[in-house]
Structure formats: structure tokens, C-alpha cells
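Here is the structure we will look at.
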Amino acid sequence: VSDPARIAEAVARNSYGKLLAFIAARTGDVAGAEDALSEAFAAALADWPASGVPDNPPAWLLTVARRKLIDAARRKQISHHAGSHLGLLAEELAADSPPDVPPPDVPDERLALMFVCAHRAIDPAVRAPLMLQTVLGLDAATIASAFLTAPATMGQRLVRAKARIKVAAIPFHLPERADLPERLEAVLDAIYAAFTAGWTDPGGTEIRWRDLAQEAIWLGTLIVSLLPDEPEALGLLALMLYAESRRAARRSADGDYVPLDEQAIAAWDADLIRQAEALLLRASAMGSVGRFQMEAAVQSAHVVRRQTGRSDWAAIVRLYDVLASLTDSPVVAINRAVAVAETTGAAAGLAMLDGLSDDPRLSNYQPYWAARAGLLARIDSRDEAKAAYRRAIGLEPDPAVRRFLAVRLAALP
Amino acid sequence: MQYLLLIYRDEAKLASMSEAVTAEATAAYMAYAQAMSQAGALVGGNRLRPTSAGTTVRTTGGKTQVLDGPYAETKEQLGGYFLIEAPDLDAALSWAERCPGAAYGAIEVRPIWAM
């Protein structure tokens with residue numbers, strides 16, 4: 001309790017999204033809420049060391065942020081002569097609760113904020129960044145590096161999206177029951193996009209990027225706590241936890257890439273796996289199949305290796321059959337071919353990959369060429385296998401994976 | 001909030017539609033406008049004559065240039081509009097979805113800049 005700066009930081013971490021959602025849901029203006037909140041945090045850093053940390057720091061911050069909003073609205077009203085809209089909003093905010101009486105507990109409206117971020121009128125590519133910035137308070141530079149975008153470009157996209165929320169009046173309310181599955185899918189997709197941006201970090205060593213996977217898991221946990229009866233939300237969280245459980249096993253002590261089937265089981269995080277299995281079980285009891293549950297189930301079939309020594313490839317093939325019927329994702333099709341190679345033989349898997357060769361999305365997709373190379377090597381088509389490995393190496397951004405593929409290539413006679 | 005629903009569709013295709021199809025589309029528009037009116041959402045709206053009847057005026061350095069034809073040549077052309085009152089974008093989008101024109105072309109939803 002001694003260091004106000006650290007307390008402010010802790011409050012920021014735990015209640016930033018809640019405070020932002022509360023304010024933005026009342027004004028419809030995310031950017032304005034961000035500004036007011038950042039002024040409030042600055043005021044806390046100036047005020048708390050002198051006057052002591054208040055009993056209820058989030059309520060204190062909210063009170064200050066509201067005053068800043070009202071001031072900003074008044075300033076705007078005077079300078080524009082018009083602005084009755086903002087003035088009304090400010091009065092509404094003030095009437096909602098007088099500035100000097102902080103609400104005992106800030107109502108949690110982060111779910112509505114997440115639906116706004118993943119609204120169909122928001123560009124799908126900016127949904128995950130927007131969610132990371134508004135719900136978690138991450139800065140644009142961190143988000144930009146995870147999404148391999150220049151910070152200025154990312155900042156601009158976020159600003160544009162926030163302006164759109166305000167000007168086009170994207171509403172802060174939960175979707176109607178009938179629209180919920182479709183709207184929720186967009187929210188879950190955005191969370192998963194944040195997770196994969198944190199997960200496929202070249203080198204697996206960038207601390208900042210790793211944190212993004214953690215942040216996505218945090219968002220997944222939040223959505224499960226807010227919508228506990230949505231099987232796909234449970235499925236997504238399970239999927240992320242399965243992947244996270246193998247983080248330490250993905251690299252050798254020397255930093256080399258280790259493929260799933262060669263990972264040391266002892267390096268998997270048993271506790272995370274247990275949590276993931278429990279979530280998946282809960283989801284499957286709800287009797288509604290979806291993409292994330294299926295993908296989590298595939299992970300579960302891999303984890304079976306802990307008991308039997310081998311992934312349950314027959315189950316994996318069946319799951320990918322279902323997934324292939326749910327999406328036309330080329331990634332699913334590749335994984336399905338790889339699973340078929342395990343149950344039926346390399347030639348059968350290769351035949352399925354051949355069937356995909358017309359898909360233009362695959363010509364520059366590393367996993368397609370790596371999968372091809374592996375299966376070609378198994379049926380002794382060495383020259384073709386070598387060519388496919390070379391193509392995969394040329395397409396792979398991660399040096400550790402490149403090294404791994406090069407070792408496989410060199411091992412071919 | 002007010003939103004303008006701008007209705008875009010292919011004029012050439014529209015011109016080649018049979019009388020029966022045209023009558024059906026007209027009836028659909030009437031019903032749609034009536035539904036919006038009954039919901040208290042309709043502020044105004046009109047169908048526009050084809051772009052061939054349009055004239056584009058531009059004044060550069062005090063000199064007026066008048067061109068016969070539309071402002072821009074596009075694959076689909078602005079053919080009409082509705083001005084509606086809606087509490088938020090979701091409500092506006094749900095009206096846009098139900099506009100008969102959404103099935104033939106596209107509806108652009110633009111918030112009105114309140115003065």
C-alpha cells in the first residue's frame with residue numbers, strides 16, 4: 001500500500017476495461033472515454049502520493065474521469081455553439097450519480113464493449129486489436145508488433161474504428177438472443193486472433209508477444225465468466241489452454257522447434273490440460289457442436305498420448321471430418337490429410353493434399369508444403385520431398401522452424 | 001439519430017426487367033416504406049431517375065463546368081434513398097437488410113451529420 005504508482009498500475013490492470021466499458025456505454029464514445037480515463041490515471045499519480053490512496057480506487061478514478069468528461073463536453077459546447085448532444089450526455093452522466101458520490105461497485109459492461117469491438121460494421125482485421133486496447137488497455141505499439149503492423153498504421157486503424165463507433169452509433173448492448181450465436185462467433189474469432197498473434201511468435205522468445213497469448217486467455221476466461229452457458233466460448237478457452245499447456249515443450253533447450261509428436265510429455269502443463277479437459281467436458285454436455293469445441297477436441301485427442309503413448313488419430317480424422325463440414329478452411333483440410341496419413345497411410349494423405357493443390361491460398365502456405373514434404377519422404381519420393389521442403393523453408397518466417405525443416409531436408413538420402 | 005439509406009443497383013439490369021418483376025419490386029418497396037412509416041422510422045425517401053437524366057456541375061476558379069451524366073461512372077448506380085430515424089446503427093442496419101434493393105444491389109448506410 002506504500003507505493004501509489006504501483007497501486008495505480010494494479011488498479012489499471014484489474015479495472016481499466018471495466019471503467020472504460022462503463023463510461024463508453026453511457027457516452028457511445030470510446031475514444032473520449034479513453035482520454036477521460038487516462039487523465040484520471042494521471043490525476044491519481046499526482047494526487048495519491050500526497051493525499052493517500054483512496055478506499056475505493058476504481059470509484060475514485062471513475063469520479064475523476066466523469067468530471068473530465070463533463071468539462072470536455074462543456075468546453076466543446078462553448079466552442080461549437082451547438083453540441084447540445086454532448087451537453088445532454090454530460091448531464092446524463094452527472095445525473096446518473098453525482099460526481100462526488102462514487103458508485104460502490106462499477107457495473108461490468110465489458111461484454112457489451114466486446115460486442116461493440118467485434119461488431120459487423122467494424123473491419124474484422126481491427127476487431128482483435130480494438131478489444132486488446134479497450135478491454136485490456138494495451139498500447140497501440142504492443143498490439144502493432146503482435147500483428148506485424150507498423151505502430152502508426154495500427155494506431156490509425158484503431159482511431160478510425162473508434163470514430164466509427166461514435167459517429168455511426170454502434171450500440172452498447174448485448175445482441176438479441178436470436179443474433180447471439182453469430183455475434184458471439186465474431187467476438188470469439190477476435191479473441192482467437194489475439195491468441196494466435198501471441199502464439200506464433202518467431203523464435204518463441206519475444207516476451208511481449210507471449211503476453212498477448214496470456215491476454216487472450218484472460219479475455220476468454222472473462223467471456224466464459226460472463227456467458228457461462230455458451231459452449232463455443234468454453235470451447236475456445238479450452239482450445240487456448242491446450243495450446244498454452246504445450247508452450248514449454250514447443251522448443252528444445254537449444255531453442256529448436258519441436259513438432260507436436262516429438263514433444264516431451266513431461267514438459268506439458270498438466271494443470272492447464274486438466275482445466276481444458278474440464279471446460280471441454282462442460283461444453284460437450286450442452287449438446288451444440290461448433291468449430292472451437294471441435295478444435296479443442298482435436299487437442300484432447302493429442303493429449304491422450306499421455307496415457308496411451310500415441311495420439312488418437314482415428315478420433316482426429318473424425319473430428320476433422322466434422323470441422324471440414326463446418327468451414328472451408330484450408331488449414332483444416334491440411335490437418336485432415338495429415339491425420340489420414342496416420343490412420344490409412346502416407347499415400348492416402350498425399351492424395352488428399354493433391355486434391356487441395358488448386359487452392360490459391362495454399363501456394364504460399366508453409367504448413368501445406370511441410371506436410372507434403374513429410375508425406376513424400378515417407379513414400380520415398382525423395383526429389384519431390386526435397387523440393388517441397390525447400391519451398392516450405394522459403395516460406396517460413398520463424399528461424400527455429402526453418403532450422404527444423406532444414407534438418408529434415410538434410411536427413412533425406 | 002438519422003441515417004440515410006442509399007440504394008445502389010445496376011440500371012441496365014433494372015431496365016431489362018420484365019413488367020411483372022418490376023411490378024413485384026414496386027409492391028415490395030411500397031410495403032417496405034409503409035412498414036418503416038408504421039414503425040415511426042421513415043423520415044423521407046425518393047426514387048431517382050436514371051443517371052442518364054443527371055447533370056453534374058462543378059465550379060473551379062469561378063468557372064462553372066456542366067457535364068451531362070453522373071458524377072462518377074460506377075458498376076451500380078444510386079437509384080434512390082430513404083432517410084430514416086433509428087436509435088443506433090443496429091436498428092439502421094436491420095432496416096437496410098430488409099430494403100428490397102438489398103437483394104438486387106447494395107444499400108449504403110450513412111449516419112446524418114447532425115447540425
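Labels below follow one simple rule: chain letters A, B, ... track the order of the sequence lines, proteins then strands, and each chain is numbered from 1.
- Ring planes of B:Tyr29 and B:Tyr32: perpendicular class, angle over 60° (limits at 30 and 60°).
- Inter-residue side-chain proximity for A:Leu132 and A:Thr142 is flagged as unmet; no heavy-atom pair is nearer than 4.5 Å.
- A donor atom on one side chain and an acceptor atom on the other are found under 3.5 Å apart for B:Arg98 and B:Ser94.
- Listed in order of number, the residues of residues 173-189 of chain A that approach chain B to under 4.5 Å between heavy atoms are A:His173, A:Arg183.
- Looking at A:Gln293, its side chain does come within 3.5 Å of a backbone N or O of A:Ser288 through a donor-acceptor pair.
- Side-chain atoms of A:Asp123 and A:Arg160, non-hydrogen and from C-beta on, never get closer than 4.5 Å to each other.
- Side-chain atoms of B:Tyr3 do not come within 3.5 Å of backbone N or O of B:Leu93 as any donor-acceptor pair.
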